[in-house]
Amino acid sequence: MPEGPELHLASCYVNKMCDGVVFTGAVRKSEVSKSPDVPFNSEAYRITATSRGKEVKLTLTPIGGDSKRRVKAGQADQPMDIIFRFGMSGFFRLTSEDELPKHSHLRFYSKEKPCRVLSFVDARRFGTWHPNGTWQPDRGPCIMFEYKSFRENVLSHLSDRAFDRPICEVMLNQKYFNGIGNYLRAEILYRLNIPPFVCARTVLEGLESEDLCESEKPVKKEFSDVKGSDRITKVKVKEEKTDLLRLSHTVPLEVVSLGGKGYDPEKADYSGFQAWLQCYSVDGMKSVRDHNGRTMWFQGDSGPMVPKDLKSPKAKKRVKKEDDHDYTDKKKVSRGRSKSTLKRKLIKEETVIKTPKKEKDARLKEAGSKRRKTEKPQEINTPHREKRSTARRRKSSSNDTAAGSQRQSRRMSSK
DNA sequence: TCTGTATGGGGAA
DNA sequence: TCCCCCTACAGAT
């Protein structure tokens, strides 16, 4: 569940689990990963982590070497930073060598016998890492740990065209909201009763660059130009001492304060987090797709900038489906999926890892399957639709085959 | 067996 | 703006 809080909890996990652990040798990458090799090799090194928004930095620090003594050829004598982004499914886990998690794509080996392994695990492989990296320059200050500069960065750039967009979409722009993701934007807007598809600038332009809660000044809210904003007017009174930028800071910190329970793979327990959610994927809430195709959960009005003429066939299809059903039905479906997703997290991940060869075989098989599947007659579609549905079918079927061959591999290896 | 969905973001046009 | 990267699962067919 990687948004800002989870990335931070991941860095805490690394610092806690790797405290006192000495790592050794090379950093190993899985066969299938397309991320870069990590050219680091040290007889003895330690690992520490920090986070900033939706990035984690691991620092590998060689130890024990006398600075005057020559380091072996090919061995690092300088620390290396590796910047990680987690995509949709990344996390770290420290395990024994024979319990490597499935989808462990980057591995750091400890010096002990038997050794332990710190893995970057990422089922969907949307995550990336950058050896010798720095915090991505285009990303803004961290919403949790650089609050003042985060706030200033937003309010001093309101003339940027980025703020022409709906507030819910701007909140996913990491140039300004580094650390906010899909569940956080829903929770924050819900608490302020701000319709998600109101122009971002309108929501933000009345805010003071100084955090009024900290300076104890009276809060001045300026939502008067938002039409149909009865709810916002109420909020003006109710939420007198906060605003969207402050909540973008405090709400993620609430998740951090829930603790590492949701992250700690040994005690996978998402019930606390699930109970914490007030809006995202919650019964009775509405949801629509934003202009980027991401689901926005909210209550009440959607706001004037809600997508209407959706260009993508996928989105059109969704809209048609939504026209055919009332929100209640849709909620049931969405809620069911979401619950199942959370439930899935509760199931301990398989600890068997495919050997590189088996991974390769699975991919070869997958490629063969792709070719076969594309020979199937195509549906009658608009050209655009045709392209996408074919792609979907191809993806889906190839994945089935890949998954099947993985299952087979596991069966074989368990025999 | 097929379809839709998932806490993200890079890159081409 | 749109497509794509990829796996895993639930629900529909």
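Since the structure is predicted, the reported quantities are computational estimates derived from the model, not experimental observations. Lettering follows sequence order; numbering is per chain, from 1.
Side chains of S96(A) and E99(A): a donor on one and an acceptor on the other come within 3.5 Å.
A straight line from CG of D122(A) to P of dT7(B) spans 15 Å, rounded to a whole angstrom. In this structure, L7(A) places its CG atom 9 Å from P of dG9(B), rounding to the nearest Å. Rounded to whole angstrom, the span from the CE atom of M144(A) across to the C1' atom of dT7(B) amounts to 13 Å. Atom OH of Y183(A) is separated from atom C1' of dT7(B) by 7 Å (rounded to the nearest Å). Note: CG (N292(A)) to C1' (dT5(B)) measures 17 Å, nearest angstrom. Counting to the nearest Å, the C1' atom of dA6(B) and the CG atom of L184(A) are 16 Å from each other. Taking atom CE of residue M296(A) and atom C1' of nucleotide dT7(B), one finds them 13 Å apart after rounding to whole Å. Distance CG (L172(A)) to P (dT1(C)): 15 Å, rounded to an integer number of Å.
Contact of R124(A) with dC6(C) (side chain to base): a donor-acceptor pair of N or O atoms is detected under 3.5 Å.
Neither OP1 nor OP2 of dT7(B) sits under 4.0 Å from any side-chain N or O of K54(A). Between R289(A) and dT5(B), a side-chain N or O to OP1/OP2 separation shorter than 4.0 Å is present. Close to dG9(B), at under 4.0 Å from its OP1 or OP2, lies no side-chain N or O of R294(A). Using a 4.0 Å cut-off, no side-chain N or O of Q136(A) falls inside it from OP1 or OP2 of dG9(B). Between dA6(B) and S89(A), no contact under 4.0 Å exists linking OP1 or OP2 to a side-chain N or O. At least one side-chain nitrogen or oxygen of H103(A) sits closer than 4.0 Å to the OP1 or OP2 atom of dA8(C). In terms of phosphate contacts, K34(A) brings a side-chain nitrogen or oxygen within less than 4.0 Å of OP1 or OP2 of dC6(C). Phosphate proximity of dT7(B) to R185(A): absent, as no side-chain N or O sits under 4.0 Å from OP1 or OP2. Between R85(A) and the phosphate of dG10(B), there is a side-chain N or O to OP1/OP2 separation shorter than 4.0 Å.
Scanning for side chain to side chain contact (heavy atoms under 4.5 Å, CB included) contacts around F126(A) gives M88(A), R124(A), with sequence neighbours left out. Under the salt bridge (Lys or Arg N to Asp or Glu O under 4.0 Å) criterion, D164(A) pairs with R161(A), R201(A), not counting sequence neighbours.
When each of H291(A), M305(A), M296(A) is tested with E169(A) by the rule side-chain contact (heavy atoms from CB on, under 4.5 Å), just one qualifies, namely H291(A).
Going from the C1' atom of dT1(C) to that of dT7(B) covers 23 Å, rounded to whole Å. Atom C1' of dC9(C) sits at a distance of 23 Å from the matching atom of dG9(B), rounded to the whole Å. The same atom, P, is picked in dA13(B) and in dC5(C); the two are 15 Å apart, to the nearest Å. Remark: the separation of the C1' atoms in dG8(B) and dA10(C) is 22 Å, to the nearest Å. Nucleotides dG10(B) and dA8(C) place their C1' atoms 23 Å apart, quoted to the nearest Å.
Nucleic acid contact for T128(A): none, since no nucleic acid atom lies under 4.0 Å from a heavy atom of the residue.
No cation-pi contact links R52(A) to F145(A), judged by a cut-off of 6.0 Å to the six-membered ring centre and 45° from its axis.
Using a 4.5 Å heavy-atom threshold, the side chains of D81(A) and N132(A) count as separate.
Across all strands shown, dC6(C) forms no Watson-Crick or G-U wobble pair with both key distances under 3.5 Å.
Of all nucleotides listed (dA8(C), dT1(C), dG9(B)), dA8(C) comes nearest to the side chain of K102(A). Side-chain proximity of Y280(A) to the nucleotides dG8(B), dA8(C), dT7(B) is greatest for dT7(B). Minimum atom distance to the side chain of E3(A) is reached by dT7(B), of the listed dG9(B), dT7(B), dA6(B).
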Using side chain to side chain donor-acceptor pair (under 3.5 Å), reason through Y13(A) and E6(A) one step at a time and then give a plain yes or no. CA-CA 10 Å; Y13(A) 174 85; E6(A) 288 74 29; over 6 Å; no

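The aromatic ring of F126(A) does not sit over the base of dC6(C); the criterion of centres under 5.5 Å apart with planes under 30° is not met.
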